[in-house]
Amino acid sequence: MLTSLQNPLVKQIRKLHQAKERHDRQVFLLEGTHLLSEACAVNYPLETVCCTPAWQERYPQLWQAVTERAQRIELVSPEVLKALATTVQPDGVVAIAPRSQLPTPVTPNPGLLLALETIQDPGNLGTTIRTAAAASAAGLWLSGDSVDLDHPKVLRASAGQWFRLPMAVSGDLKVLVQDCQAGGMQVVATVPNAKLTYWELDLRLPTLILLGNEGAGLSTDLVDRADKQVKIPLRQGVESLNVAIAAALILYEAERQKN
């Protein structure tokens with residue numbers, strides 16, 4: 001059992017708290033029982049799993065699943081586990097998993113896709129992923145200048161749905177828009193001054209919904225390339241909605257129209 005914070009593996013995992021280190025090694029941190037369970041449920045590959053003896057005893061079935069998938073497993077003391085985790089009160093397990101193992105959204109698509117531009121808040125992104133999966137979206141694209149798709153807070157906010165939604169990072173959302181339009185999808189920009197409200201749009205059609213940065217909204221480049229623009233009506237004095245809330249309203253309006 002690992003009990004020293006000076007252990008080489010412990011030092012390596014603690015470095016993964018930094019985005020640069022995660023990028024360089026092409027891995028991400030997977031923290032907590034629920035996320036690990038979801039990863040195992042979809043057979044997501046695992047490199048290293050560290051857990052406390054108490055966690056091992058509490059979750060024997062998940063422990064067995066982990067031993068069948070992980071390349072390396074280490075028992076660690078509660079003190080070491082706390083140092084490995086980015087959360088204040090970890091529940092006993094931290095894992096390392098390889099990046100870029102998710103299915104990429106099919107583009108163009110007969111369903112509804114989301115494209116998010118310059119999203120900075122990991123909680124917003126994780127909540128959007130969770131909602132998109134719940135509302136049966138076909139997938140999600142994220143601009144390259146957004147928060148990391150596999151940021152620890154994104155994973156936690158997704159409540160495990162991160163593993164169940166096709167997602168990818170786009171090097172250029174303008175190219176994505178062109179590809180979707182060429183494939184017969186309607187591309188819809190969300191802007192505050194649009195004439196159409198989102199429920200006036202036919203969301204039964206193959207659709208790419210563009211959602212923008214929490215503060216600045218969508219870039220002019222993307223708005224100009226969209227086929228249609230829609231707004232979410234707001235009471236006077238309210239500037240905007242949280243991007244995850246905006247996504248939820250449109251996603252569930254699409255579900256309502258289909259059903």
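Please read these numbers as outputs of a predicted model, since none were measured by experiment.
- Tracing side-chain contacts under 4.5 Å through hydrophobic residues (I, L, V, M, F, W, Y), one reaches F163 starting from V49; they form part of the same cluster.
- With 3.5 Å as the limit, one finds no donor-acceptor pair spanning the side chains of D91 and H34.
- To the nearest 0.5 Å, atoms CG (L210) and OG (S219) are separated by 8.5 Å.
- The aromatic rings of Y44 and W162 sit perpendicular, their planes meeting at an angle over 60°, well past the 30° parallel limit.
- Nearest heavy atom pair, residue L251 against residue A137, reads CD2-CB, 3.9 Å.
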* List the steps, then state whether side chain to side chain contact (heavy atoms under 4.5 Å, CB included) holds for E47 with R72. => CA-CA 6 Å; E47 289 190 5; R72 179 178 180 180; over 6 Å; no
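- When all heavy atoms of A138 and P166 are compared, the pair lying nearest together is O-CG, 3.6 Å.
- Looking only at atom types and distance, the side chain of T48 has no donor-acceptor partner in the side chain of E74 under 3.5 Å away.
- By the neighbour-count criterion of 12 heavy atoms within 6.0 Å, atom CD of Q18 is sparsely surrounded, having that number or fewer from other residues, nucleotides or ligands.
- Here the CG-CG distance, from L16 to L29, works out to 5.0 Å after rounding to the nearest 0.5 Å.
- When I245, V188, L203, T131 are each tested for a side-chain contact (heavy atoms from CB on, under 4.5 Å) with I250, only one passes: L203.
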* Given Q186 and L201, is the side chain to side chain contact (heavy atoms under 4.5 Å, CB included) satisfied, shown in steps? -> CA-CA 10 Å; Q186 66 174 346; L201 186 69; 3.9 Å; yes
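- In terms of hydrophobic clustering, with Ile, Leu, Val, Met, Phe, Trp and Tyr side chains grouped at heavy-atom distances under 4.5 Å, L114 and V154 are assigned to a common cluster.
- Taken to the nearest 0.5 Å, the CG atom of L218 stands 12.5 Å off from the CZ atom of R225.
- Atom OG1 of T52 and atom CD of E79 lie 10.5 Å apart (nearest 0.5 Å).
- A salt bridge links E253 and R256; the closest N-O separation between the charged side-chain nitrogens and carboxylate oxygens is under 4.0 Å.
- For the atom pair CG (N7) and CD (Q12), the distance works out to 8.5 Å, reported to the nearest 0.5 Å.
- By the criterion of side-chain heavy atoms lying less than 4.5 angstrom apart, applied directly or through intervening Ile, Leu, Val, Met, Phe, Trp or Tyr residues, L30 is not grouped with I13; the two fall into different hydrophobic clusters.
- L125 and W141 are assigned to two separate hydrophobic clusters, defined by single-linkage of ILVMFWY side chains at heavy-atom distances under 4.5 Å.
- The 12-atom threshold is not exceeded at NZ of K153, counting heavy atoms of other residues, nucleotides or ligands nearer than 6.0 Å.
- The CG atom of L75 lies 10.0 Å from the CH2 atom of W55; values are rounded to the nearest 0.5 Å.
- Remark: R164 CZ is packed, more than 12 non-hydrogen atoms of other residues, nucleotides or ligands lying under 6.0 Å away.
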* Begin with the C-alpha distance, continue with both residues' side-chain angles, and end with the deciding distance and a verdict on side chain to side chain donor-acceptor pair (under 3.5 Å) for D145 and S143. => CA-CA 6 Å; D145 57 353; S143 67; 2.6 Å; yes
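- Partner N109 forms a side-chain contact (heavy atoms from CB on, under 4.5 Å) with one of T107, L112, L113 and no other, that one being L113.
- Counting heavy atoms of neighbouring residues, nucleotides and ligands inside a 6.0 Å radius, atom CD of Q26 exceeds 12 of them.
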